[in-house]
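Following: one structure in structure tokens, then a few remarks.
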Amino acid sequence: MRRITYKQAIKEAIREEMLNDEKVFIFGEDVAVHGGAFFVTTDLLTEFGPERVLDTPISEVAIVGLANGSSIMGLRPIAEIMFNDFLCVGMDQVVNQMAKMRYMSGGQLTLPLVIRTAMGAGLSAAAQHSQCLEALFMHIPGIKIIVPSTPYDAKGLLKSAIRDNNPVMFFEHVLLYPVEGEVPEDEYTIPLGQADIKRKGNDVTIVAIGLMVQKALSAAEKLENESIEVEIIDPRSLSPLDFETVLKSVKKTKRVVIAYSGSKTNGSGTEIAARLSEEGLQYLKKPVFRVAAKDAPIPFAPKLEKFVIPQEKDIYDAVINILK
Amino acid sequence: MDISNELAVRMYKNMFTIRTFEEEVITLFRNGFIPGWVHSYIGQEAVATGACFAIENEDFIFSTHRGHGHCISKGADLKKMMAELFAKTTGYCKGKGGSMHICDPSSGILGVNGIVGGGIPIATGTGFACKYLKTKRVCLVFFGDGASNQGSFHESINLASLWNLPVVYICENNLYGNTVSQKRHQNIENIADRAKAYNIPGVISDGMDVFDVYQKVSNAVDRARNGDGPTLVEAKTYRYMGHYDGDPQVYRTEEEIDSWKKRDCIQKLEGYLFEKFILDEEQIISIQKKIRTEIGEAIEFAKSSPEPIEKSALEDIFV
């Protein structure tokens with residue numbers, strides 16, 4: 001099968017859905033002429049024209065508002081927020097408006113919109129361009145949260161997100177953009193809300209989110225050399241969360257490591273840990289172990305940044321320790 | 001611009017409906033029939049009426065926490081509005097929205113917002129959709145002087161001006177942002193002046209004169225419909241009641257309130273109707289009686305409607 005990058009996969013999803021449906025359009029800071037801060041939307045302006053591919057002012061409130069107000073008219077906006085850190089500038093439109101407009105209207109309004117945003121540390125971009133903020137939005141009912149970890153998932157999930165009739169936030173880790181993977185030429189979609197078993201094993205379950213899936217896969221190969229077979233569960237969608245798949249794996253392995261790249265406290269994996277304590281404690285031989293970023297703003301110095309964010313070795317060590 | 005007699009009478013009926021509705025709402029709120037808070041529109045009736053009568057059924061509005069007047073003017077059903085205020089299942093939002101979140105897409109009311117300035121970017125997005133879909137529809141968004149200090153105001157009007165969107169921004173300057181007087185929250189007198197910063201027309205309207213609001217908004221709507229872009233209309237007006245019902249109003253004087261009541265928009269229009277021999281006293285009384293009956297029926301409808309069942313709280317979150 002052909003191999004393409006995560007970035008190419010995302011662009012293909014956008015392009016195909018724009019070809020499928022004239023109501024799909026994309027906008028945000030630098031997305032049109034420049035092709036996006038990470039060049040995900042390169043050439044879309046040439047293909048679809050300035051009415052459907054729009055550079056906006058640096059105005060996150062207006063960008064999310066544009067998505068909200070146009071989606072209730074039946075359009076299918078894709079808003080790009082350059083870094084998820086900037087969502088905080090437009091927070092009212094996300095939390096108080098987007099997530100609640102359908103509910104407050106008693107189901108009269110429908111918001112078929114997608115917010116795509118880059119996240120994550122590893123580029124020495126310092127504290128305001130490096131966070132993983134998906135957990136903030138998991139806390140808000142009314143938003144679907146997708147964190148794809150491979151090119152295949154990114155394409156199939158984004159196409160579903162664009163076709164979905166609810167607000168969907170799509171978090172793309174910046175270190176995943178150049179990662180290659182198998183993506184079929186033929187059209188496909190992946191339903192939102194289904195976890196994926198990225199690797200089968202019987203000894204320890206690793207629930208890994210986003211970039212941490214790639215790190216877990218690398219760690220798994222090294223653990224295999226130690227005759228340890230880990231099972232890697234990628235939730236892919238954090239809201240709704242396919243907890244059944246997690247629980248099924250934990251029933252088998254009885255040990256779980258949860259890996260996510262945001263700050264440890266109240267991170268996206270914390271909810272999975274809480275659900276396990278409510279519904280899965282009887283299956284666990286060892287306490288749940290979390291691998292996540294240390295509770296500090298992301299520092300600039302590469303050495304410090306590396307220290308704060310979770311590494312492949314942290315997953316490896318966690319698995320070794322949980323088997324002791 | 002000529003105002004036909006028929007239009008003037010319809011405006012009168014609408015303004016009287018808003019005032020009576022709001023008076024009843026205050027009584028009902030104080031008697032425990034309406035949970036939460038209510039923000040009375042009394043005093044500002046000319047703005048909602050003049051603006052909404054300047055657009056068509058298929059056009060859109062976005063409103064604020066002080067939104068009952070806008071919804072009535074755009075054609076909302078009084079029964080469904082009152083039932084929503086009562087938190088009943090028969091309300092527009094099945095009791096999930098309440099006074100600050102009435103929504104009726106069928107009459108073009110796409111949202112009433114509890115966040116000051118929160119509706120301005122959404123209305124801008126709806127205006128974008130009107131243009132994208134190549135309709136001739138326009139979108140009006142109401143907000144107060146307080147909202148004109150929010151970033152959402154700046155970001156939205158900048159974008160609408162840049163992209164020539166068919167949106168009319170209507171600032172109801174009632175001189176108070178919550179409890180803080182305009183003099184104490186911004187160093188300008190005319191909010192319309194801010195339009196210059198976006199290279200769009202900024203128009204001042206007498207918000208106590210329904211004809212003036214109608215004319216100024218009509219001009220702005222024509223511009224928007226013709227593809228000439230947005231306008232900022234500032235309507236100078238005044239709310240007679242507190243920010244919310246129960247507001248002790250220590251921030252203003254009885255004299256100030258009375259001075260504005262002397263310019264009451266309903267009395268002014270009533271005077272016009274008499275003076276021009278459009279309606280006589282008997283006809284006015286008959287109109288008022290009919291409106292009171294209609295609102296009484298809305299109250300009865302709300303009172304007799306069922307409360308929502310608990311499990312409905314978990315519905316309408318997703319499609």
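In what follows, every chain begins at residue 1, and chains take the letters A, B, ... in the order their sequences are listed.
Here the shortest heavy-atom pairing between B/Glu155 and A/Glu60 reads OE1-N, 3.5 Å. Residues A/Arg102 and B/Asp316 approach most closely at CG-O, 3.5 Å, considering heavy atoms. Between A/Asp92 and B/Gly118, the shortest heavy-atom distance links the atoms OD2-CA, 3.9 Å.
At most 12 heavy atoms of other shown residues, nucleotides or ligands fall within 6.0 angstrom of atom CD1 in A/Ile58. Environment of NZ in A/Lys159: crowded, with over 12 heavy atoms of neighbouring residues, nucleotides or ligands closer than 6.0 Å. For A/Glu187, the CD atom counts as densely surrounded, since its 6.0 Å shell holds more than 12 non-hydrogen atoms of other residues, nucleotides or ligands. The environment of A/His34 atom NE2 is dense: over 12 non-hydrogen atoms of other residues, nucleotides or ligands sit within 6.0 angstrom. Heavy-atom neighbours of A/Glu278 CD from other residues, nucleotides or ligands within 6.0 Å: above the threshold of 12. The environment of B/Trp163 atom CH2 is dense: over 12 non-hydrogen atoms of other residues, nucleotides or ligands sit within 6.0 angstrom. Applying the 6.0 Å contact sphere to CD of A/Glu47 captures more than 12 heavy atoms from other residues, nucleotides or ligands.
Two residues are said to be in side-chain contact when any heavy atoms from C-beta on lie closer than 4.5 Å; B/Leu162 and A/Pro57 meet this criterion. Inter-residue side-chain proximity for B/Phe318 and A/Ile143 is flagged as unmet; no heavy-atom pair is nearer than 4.5 Å. A 4.5 Å side-chain heavy-atom check between A/Glu51 and B/Lys134 finds at least one atom pair inside the cut-off. When side chains are defined from C-beta on, A/Met73 does not count as touching B/Phe128, because their heavy atoms never get closer than 4.5 Å. Between A/Arg52 and B/Tyr132, the closest side-chain pair of non-hydrogen atoms falls below 4.5 Å. No side-chain heavy atom of B/Phe153 sits under 4.5 Å from any side-chain heavy atom of A/Val61. Side-chain atoms of B/Ile122 and A/Met101, non-hydrogen and from C-beta on, do get closer than 4.5 Å to each other.
Contact tally against chain B (heavy-atom pairs below 4.5 Å) for A/Gly142, A/Gly107, A/Gly90: the top residue is A/Gly142. Among the candidates B/Gly117, B/Ala313, B/Gly98, the residue making the largest number of heavy-atom pairs closer than 4.5 Å to chain A is B/Ala313. Taking A/Ile63, A/Val64, A/Thr56, A/Ile72 one by one and counting their heavy-atom pairs under 4.5 Å with chain B, the maximum is reached by A/Ile72.
Here the side chain of A/Asn165 pairs no donor or acceptor atom with the backbone of B/Val319 at under 3.5 angstrom. In this structure a side-chain-to-backbone donor-acceptor pair under 3.5 Å is present from B/Thr126 to A/Gly69.
Interface residue B/Glu315: only backbone heavy atoms are found under 4.5 Å from chain A. If you measure heavy-atom distances from B/Leu133 to chain A, the contacts under 4.5 Å come from the side chain alone.
Between the NZ atom in B/Lys96 and the OG atom in A/Ser105 there is a gap of 9.0 Å [rounded to 0.5 Å].
Scanning for side chain to side chain donor-acceptor pair (under 3.5 Å) contacts around A/Lys144 gives A/Asp164, with sequence neighbours left out. Under the side-chain contact (heavy atoms from CB on, under 4.5 Å) criterion, A/Pro77 pairs with A/Phe25, A/Phe27, A/Ala67, A/Ser70, A/Ser71, A/Leu75, A/Leu113, not counting sequence neighbours.
For residues 85-95 of chain B, a heavy-atom distance under 4.5 Å to chain A picks out B/Tyr92, B/Cys93, B/Lys94, given by residue number. Listed by sequence position, B/Cys103, B/Asp104, B/Pro105 are the residues of residues 102-109 of chain B in contact with chain A, using a 4.5 angstrom heavy-atom cutoff.
For A/Gln97 and B/Asn113, the side-chain atoms include at least one donor-acceptor pair closer than 3.5 Å.
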